[in-house]
Amino acid sequence: MLDKVSTFTIIAFNSFFIAALVSGCSTGETRTEKKPEQSVVEAQPVEVFAVKRGRLSSSLQIPGELMAFQQVDLYAKENSFVKKLFVDVGSEVTTGQLLVTMEAPELGSQLAGALSNVKSREALYAASKANYDRLLATSETPGTVSPNDLEQAAARKNADLAQLEAAKAAYKQVAETQSYLQICAPFNGLITLKNVNPGAYVGPSGKGSEVPLFTLQEQKKLRLVVSVPEAYTSYLSHKNEVTFTVRSLPDQQFKAQIKRLAGALDARLHAQRIEMDVMNNDKKLLPGMVAEVNLPLPANDSSFIVPKSAVVNSTESVFVIRVVNNKAEWVRVKTGREANGSIEIYGDLKPGDLLLISATDEVRNGSQLQNVKTISI
């Protein structure tokens, strides 16, 4: 009886173990079958665009300097003393207006001596000419005057005439020198500097000549001077109109037009000097002010314009990625100007080529691309 019970117990235990094992295997098989039912993440689309030509207009923010349209330092030409001043700092003057008179007593003596010499030479010439005229009239009677005497009289007359002309030239020179004792304004402008007072000694050499008597500036018209770096010189034109501001008037914007191009680069800065004329009738602007200039740089020729994200600037090279038959192709390019998120590129491209809009050097040259999508920009 005991043996039957033991046998039954063993059989029951084995049946339970087998059932548990089968149940575990069934559960494993079920999990394996569920794997294909998991969601598959699709590859993100690769966005490309068709490259085309265009004109990129940009601008350059650059400092400039306002200068007087005309400026001159006035010096004394002759050694003299300042006699009277007719203007001071801030005086507005017109062309030809008398600014200062000077005196030099020795010039008066020289002028009197030159005039005396002229009178003497005139008397000598008058005498020699009268002698020649008498001999000439007498020589009309044959045998009365020898030809040699007539020639001598003519030579004397010509010599005295030459001496007279020289005396007149010397007198004119002294008279002109004396006119230098009055200095007049060469153009309309403003006296911005005065370095002398009545009684001061002035002259072309020695004490009194180290500094000018006056500095005269034309301020109703100014020059705006800018040095443009070499990279931007090809975009400059006489038609370009610029705007600028100054620190003293930050809420006002002024306009000017390019008038003069230097035509050469400065050896030190490697920049081209350009000048613009600025009308300043209200004199709000002053020479010496620093201006913040907005210089437009319109394109002269059409070029390929692409988003900046399409250009890869890596350690290897600067390139864009062209997509041909769903394959990536690196195309080396040179870049130009940038403006509003776009950039000029120059390279082996043609209109209609498809370029990656978001290019990186992780997309290797020759790699296969999937899910390519063309967009318009």
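Small disclaimer: the values here were computed from a predicted structure and weren't measured. In this chain, numbering begins with 1 at the start of the sequence shown.
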**Q** Look only at the side chain of K194 and the backbone of V196, and say whether a donor-acceptor pair between them is shorter than 3.5 Å.
**A**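 Pair found, side chain donor or acceptor close to backbone of V196.
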**Q** Report yes if some heavy atom in the side chain of P287 is under 4.5 Å from a heavy atom in the side chain of L66; otherwise report no.
**A**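 Heavy-atom side-chain distance check fails, nothing below 4.5 Å.
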**Q** Whether the side chain of E344 engages the backbone of R337 through a donor-acceptor N/O pair (distance < 3.5 Å, no angle test) should be reported.
**A**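 At least one qualifying donor-acceptor pair exists.
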**Q** Pair up each side-chain donor or acceptor in residues 256-268 with any protein partner under 3.5 Å, not counting sequence neighbours, and list the distances.
**A**
{"from": "Q257", "atom 1": "NE2", "to": "H238", "atom 2": "O", "distance (Å)": "3.3"}
{"from": "R260", "atom 1": "NE", "to": "E275", "atom 2": "OE1", "distance (Å)": "2.9"}
{"from": "R260", "atom 1": "NH2", "to": "D277", "atom 2": "OD1", "distance (Å)": "2.4"}
{"from": "D266", "atom 1": "OD2", "to": "R268", "atom 2": "N", "distance (Å)": "2.9"}
{"from": "D266", "atom 1": "OD2", "to": "L269", "atom 2": "N", "distance (Å)": "2.7"}

**Q** What are the two closest non-hydrogen atoms of G352 and A50, and how far apart are they?
**A** O-CB, 4.1 Å
**Q** Can you pull the side chain to side chain donor-acceptor pair (under 3.5 Å) pairs that have at least one residue in residues 95-121, sequence neighbours excluded?
**A**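 Qualifying pairs: T95-N188.
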**Q** Looking at OG of S376 and NZ of K52, how far apart are the two atoms once the value is rounded to the nearest 0.5 Å?
**A**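 Answer rounded to 0.5 Å: 8.0 Å.
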**Q** Kindly indicate whether the side chain of L60, heavy atoms from C-beta on, has any atom under 4.5 Å from the side chain of P229.
**A**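 Yes - at least one pair of side-chain heavy atoms lies under 4.5 Å apart.
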**Q** Using modelled atom types only, decide if a donor and an acceptor are shared between the side chain of R53 and the backbone of F304 within a distance under 3.5 Å.
**A**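 Answer holds: no.
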**Q** At what distance, to the nearest 0.5 angstrom, does OH of Y132 lie from CG of N158?
**A** 8.0 Å
**Q** Should M102 and I183 be marked as a side chain to side chain contact (heavy atoms under 4.5 Å, CB included) after you check the CA-CA gap, both sets of side-chain angles, and the distance that decides it?
**A** CA-CA 9 Å; M102 296 166 288; I183 296 180; 3.8 Å; yes
**Q** Keeping D133 on the side-chain end and A137 on the backbone end, is there a donor-acceptor pair under 3.5 Å?
**A**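 Not at all, since once roles are kept as given, no pair shorter than 3.5 Å links the two residues.
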**Q** Step through the shown structure and confirm whether more than 12 heavy atoms of other residues, nucleotides or ligands are within 6.0 Å of CZ on R247.
**A**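 12 or below, so no.
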**Q** My understanding is that only residues two or more places apart in sequence, or in another chain, count here; which of them pass ring-ring contact (aromatic ring centres under 6.0 Å, His included) with F81?
**A** Y201
**Q** Partners of N281 by side chain to side chain donor-acceptor pair (under 3.5 Å), sequence neighbours excluded?
**A**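 Side chain to side chain donor-acceptor pair (under 3.5 Å) check on N281 returns nothing, list empty.
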**Q** Hey, any chance V46 and I321 share a hydrophobic cluster, counting ILVMFWY side chains that come within less than 4.5 Å of each other, even indirectly?
**A** yes
**Q** Compare all side-chain heavy atoms of K284 with those of L249 and state whether any distance is below 4.5 angstrom.
**A** yes
**Q** Can you tell me which residue pairs pass the side chain to side chain donor-acceptor pair (under 3.5 Å) test with a partner in residues 171-186, sequence neighbours excluded?
**A**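 Listed once each, the pairs would be none.
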**Q** If you draw a 6.0 Å radius around CZ in F187, do more than 12 non-hydrogen atoms from other residues or ligands fall strictly inside?
**A**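 Yes - once you tally the heavy atoms of other residues, nucleotides and ligands closer than 6.0 Å, there are more than 12.
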**Q** Sequence neighbours left out, what passes side chain to side chain donor-acceptor pair (under 3.5 Å) with S128? Give chain and number order.
**A** D160
**Q** Can you tell if the side chain of L136 reaches within under 4.5 Å of the side chain of T138, non-hydrogen atoms only?
**A**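 They are not in side-chain contact.
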**Q** Going only through I, L, V, M, F, W and Y residues with side-chain contacts under 4.5 Å, is there a path from V363 to L349?
**A**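 In one cluster with V363: L349, no.
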**Q** If you measure from CG on D73 to CD on Q71, what distance do you get to the nearest 0.5 Å?
**A** 6.0 Å
**Q** D149: which residues meet the side chain to side chain donor-acceptor pair (under 3.5 Å) condition with it, sequence neighbours left out?
**A**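 For D149 the side chain to side chain donor-acceptor pair (under 3.5 Å) partners, ignoring immediate neighbours, are S146.
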**Q** Do I357 and V320 land in one hydrophobic cluster if side-chain heavy atoms of ILVMFWY residues count as linked below 4.5 Å?
**A** yes
**Q** Test side chain to side chain contact (heavy atoms under 4.5 Å, CB included) on N280 and K220 and set out the steps.
**A** CA-CA 5 Å; N280 188 40; K220 290 188 177 181; 5.6 Å; no
**Q** For K283, is the NZ atom crowded, meaning more than 12 foreign heavy atoms sit under 6.0 Å from it?
**A**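 Yes - once you tally the heavy atoms of other residues, nucleotides and ligands closer than 6.0 Å, there are more than 12.
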**Q** Tell me every residue that passes ring-ring contact (aromatic ring centres under 6.0 Å, His included) with F319, counting only those two or more places apart in sequence or in another chain.
**A**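 Applying ring-ring contact (aromatic ring centres under 6.0 Å, His included) to F319 gives W330.
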**Q** Taking CG in N148 as the centre, count heavy atoms belonging to other residues, nucleotides or ligands within less than 6.0 Å. Is the count above 12?
**A** yes
**Q** E78: what forms a side chain to side chain donor-acceptor pair (under 3.5 Å) with it, not counting sequence neighbours?
**A** none
**Q** To the nearest 0.5 Å, what is the distance between CE on M276 and CZ on F254?
**A** 14.5 Å
**Q** When clusters are formed by joining ILVMFWY residues with side-chain heavy atoms under 4.5 Å apart, either directly or through shared neighbours, do M289 and V225 land in the same one?
**A**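 No, it is not one cluster - the side chains of M289 and V225 are not joined through contacts under 4.5 Å.
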**Q** Check whether V100 and V202 end up in the same hydrophobic cluster, where Ile, Leu, Val, Met, Phe, Trp and Tyr are linked by side-chain heavy atoms less than 4.5 Å apart.
**A**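 As far as the 4.5 Å side-chain criterion goes, V202 and V100 are connected within one cluster.
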**Q** Quick one: does E122's side chain get under 4.5 Å of K168's, heavy atoms only?
**A**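 Yes, side chains in contact.
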**Q** Starting at CG of N325, measure out to CG of L369 and round the result to the nearest 0.5 Å.
**A** 11.0 Å
**Q** May I have all residue pairs that pass salt bridge (Lys or Arg N to Asp or Glu O under 4.0 Å) and include part of residues 348-357, sequence neighbours excluded?
**A** R322-D353, K350-D353
**Q** Under the ring-ring contact (aromatic ring centres under 6.0 Å, His included) test, which residues partner F214, sequence neighbours left out?
**A** none
**Q** Assess the residue pair F49 and V306 against the criterion (side chain to side chain contact (heavy atoms under 4.5 Å, CB included)); give the C-alpha distance rounded to whole Å, side-chain angles, the decisive distance to 0.1 Å, and a yes or no.
**A** CA-CA 9 Å; F49 67 96; V306 300; 3.9 Å; yes
**Q** Would you say P296 and V242 make side-chain contact, with heavy atoms under 4.5 Å?
**A**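 Yes; the side chains approach each other to less than 4.5 Å.
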**Q** Can V318 and V333 be said to form a side chain to side chain contact (heavy atoms under 4.5 Å, CB included), step by step?
**A** CA-CA 6 Å; V318 178; V333 295; 4.1 Å; yes
**Q** Are the side chains of S303 and Y346 in contact, using a 4.5 Å heavy-atom criterion?
**A**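 Y346 reaches S303 side chain to side chain.
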**Q** Under the side chain to side chain contact (heavy atoms under 4.5 Å, CB included) rule, collect the residues that match up with P63, sequence neighbours excluded.
**A**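 Checked P63 against side chain to side chain contact (heavy atoms under 4.5 Å, CB included); zero matches.
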**Q** Any non-hydrogen side-chain atom of L236 less than 4.5 Å from a side-chain atom of L295?
**A**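 SC-SC contact between L236 and L295 confirmed.
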**Q** Is it true that atom CG of N340 has more than 12 heavy atoms of other residues, nucleotides or ligands lying nearer than 6.0 Å?
**A**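 At most 12 heavy atoms, drawn from other residues, nucleotides or ligands, come within 6.0 Å of this atom.
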**Q** Do side-chain atoms of N79 reach the backbone of G203 as a donor and acceptor pair under 3.5 angstrom?
**A** no
